[in-house]
Amino acid sequence: MVERLVIRHYREDDSIPEITRLLHHAYAALAQMGLRYTATYQDDEVTLKRLLRGVAFVGELNREIVATVTLYPESPLETLSEWYRKEGVHYFGQMAVRPDLQGK
């Protein structure tokens, strides 16, 4: 059987703990290097808040969530980056792919 990745919008019934674990695993190597991206330590409450703040997507393989990404609108109050404060500029965040699938 050929495995097929399905990319779809996040749904309310998706498991927040599963997505949080995915983020932690995907960012584990960076955390071991001392890099403190939010995804290295966030809890389920932060995961949900970040999913709901933008347009969130998940990738499923055999009904398991193996990837996630959220598209955020411009956020003038939340970033020091002048570019991200420009009207109409959106950005991606909370990106993760299960480590064994990265690069595929």
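Transitive grouping of hydrophobic side chains (ILVMFWY, heavy atoms separated by less than 4.5 Å) brings L23 and L35 into a common cluster. Follow the hydrophobic side-chain contacts under 4.5 Å out from I65 and you reach L52 in the same cluster.
Summarising the geometry, atom NE2 belonging to H90 is positioned 6.0 Å from atom CG belonging to L71; distances are rounded to the nearest 0.5 Å. Here the CD atom belonging to Q94 is positioned 9.0 Å from the OG1 atom belonging to T38, to the nearest 0.5 angstrom. Here the straight-line distance linking atom OG1 of T68 with atom CZ of R50 works out to 9.5 Å at 0.5 Å rounding. Going from atom OH of Y10 over to atom CD1 of I16 covers 3.5 Å, rounded to the nearest 0.5 Å. Between atom CZ of residue F92 and atom OG1 of residue T70 there is a gap of 9.5 Å, rounded to the nearest 0.5 Å.
The two residues L5 and L61 have their closest heavy-atom pair at N-CD1, 3.8 Å. Of all non-hydrogen atoms in V97 and Q102, the two that sit nearest each other are O-NE2, 2.8 Å. Nearest approach of D43 to V46, heavy atoms of both residues: OD1-N, 3.0 Å. Closest approach of R98 to L22, counting heavy atoms only: N-CD1, 3.5 Å. For the pair V69 and M95, the tightest heavy-atom approach, listed with the atom from each and the gap, is CG2-CG, 3.3 Å. Taking all atoms of both residues into account, the shortest heavy-atom contact from P73 to G54 is CD-CA, 4.4 Å.
Pairs of residues two or more places apart, or lying in two chains, that qualify as side-chain hydrogen bond (donor to acceptor under 3.5 Å, both in side chains) and include a residue from residues 15-34 are T20-D44, T20-T47.
Contact check for L48 versus R53: no side-chain heavy atoms found under the 4.5 Å cut-off. In this structure, V58 and I19 have side chains that are in contact, with non-hydrogen atoms separated by less than 4.5 Å.
Aromatic ring centroids of H9 and F57 lie under 6.0 Å apart.
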